[in-house]
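Quick notes on the structure that follows.
Protein chains get the first letters and strands the later ones, always in sequence-line order, with residue 1 at the start of each. These values consider heavy atoms only, across backbone and side chains, with no hydrogens, waters or symmetry-generated copies.
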Amino acid sequence: MILPPSFYTGDTLDVARNLLGCRLTHREGRNTTAGRIVETEAYLRQDPAAHSFHGKTRSNSVLFGPPGRAHLFFIYGKHWCLNVVCGEGDHRGAVLLRALEPLEGIPVMQERRGTVEKHLLCSGPGRLTQALAITGEFNGAPLFSGPLRIISPDNMPGSWQEHDGGQEIVQTIRIGISRATDQPYRFYLKGNPNVSRR
DNA sequence: GTACTGATTTTCT
DNA sequence: GAAAATCAGTACC
């Protein structure tokens, strides 16, 4: 089932954890690409590392809008990164999708990424957007309707953490930031080869 | 396998 | 003008 808007109004850290195991799909005619989310990072409202920390600007305005939408930002002159807006009011935050396990449209991903190695297709925030062809045009797009969607795991909702037969979740510090580096807001599925870094 | 470095552009702490 | 939630290539173990 498609994750409903209400899923995203929860606590940002819970959303980051519960997104693990869910499926991100991009449907574009015959080129559907999809992957299972295996790594996320949470960025809270009062978080010096968050892009929203210094207030609303032109590029981050989506972070101040309704939850359940995509926020795309361009970084280091090359890469698009995909945030999921979540929380409500003062608790609003964002979840950065950092890595997927490729599931659908793998040949298309290989072509877009310029490699056939499965573990290099979506193992990083810039890599997964390139593999699924997600760019700035999706900034503000909903994740519960339209071409971009996040689907819950196939079995019972509420059992994300068990759905892989006791799949363990690792919680640790975030990557690639220079502020609030000691906060354990990164989550990934233990042992998954598609995680960007151990 | 890890470690270092350059690329390239958008944004505004 | 500097910084940025990154990646790919190269060097070396």
Would you list the atom pairs, donor with acceptor, under 3.5 Å between side chains in residues 134-141 of chain A and any protein atom, with sequence neighbours excluded?
residue, atom, partner, partner atom, Å
A:Thr135, OG1, A:Glu137, OE2, 3.2
A:Asn139, OD1, A:Leu72, N, 3.0

Practice task
For A:Arg186, enumerate each residue passing the salt bridge (Lys or Arg N to Asp or Glu O under 4.0 Å) test, keeping only those at least two apart in sequence or located in another chain.
Solution key: A:Glu39
Problem - Cluster companions of A:Ile177 among Ile, Leu, Val, Met, Phe, Trp, Tyr (side-chain spacing under 4.5 Å) - result: A:Tyr43, A:Phe73, A:Ile75, A:Tyr76, A:Leu96
Practice task
Name every residue in residues 81-95 of chain A that has at least one heavy atom under 4.0 Å from any atom of DNA chain B, in order of residue number, or write none if there are no such residues.
Solution key: none
Under-3.5 Å N/O pairs linking protein and nucleotides 9-13 of chain B:
residue, atom, partner, partner atom, Å
B:dC12, OP1, A:Thr57, OG1, 2.4
B:dT13, O2, A:Arg179, NH1, 3.2

Handout entry: Hydrophobic cluster partners of A:Val85 (side-chain heavy atoms under 4.5 Å)
Key = A:Val62, A:Leu63, A:Phe64
Protein-nucleotides 9-13 of chain C N/O pairs closer than 3.5 Å?
none

Acceptor/donor pairs from residues 101-111 of chain A side chains to any protein atom, 3.5 angstrom cut, sequence neighbours excluded:
residue, atom, partner, partner atom, Å
A:Glu101, OE1, A:Arg36, NH1, 2.8
A:Glu101, OE1, A:Asn192, ND2, 3.1
A:Glu104, OE1, A:Arg23, NH1, 3.0
A:Gln110, NE2, A:Val116, O, 3.1

Problem - Partner residues of A:Arg149 under the salt bridge (Lys or Arg N to Asp or Glu O under 4.0 Å) criterion, sequence neighbours left out - result: none
Name every donor-acceptor pair, under 3.5 Å, that has one atom in a side chain of residues 117-126 of chain A and the other anywhere in the protein, sequence neighbours excluded.
residue, atom, partner, partner atom, Å
A:Ser123, OG, A:His119, O, 2.7
A:Ser123, OG, A:Arg127, NH1, 3.1

Handout entry: Close residues, residues 113-130 of chain A, relative to DNA chain C [heavy-atom separation under 4.0 Å]
Key = A:Arg113, A:Gly124, A:Pro125, A:Gly126, A:Arg127
Handout entry: All stems with DNA chain B, defined as three or more consecutive Watson-Crick or G-U pairs under 3.5 Å
Key = B:1-7 with C:6-12, B:9-12 with C:1-4
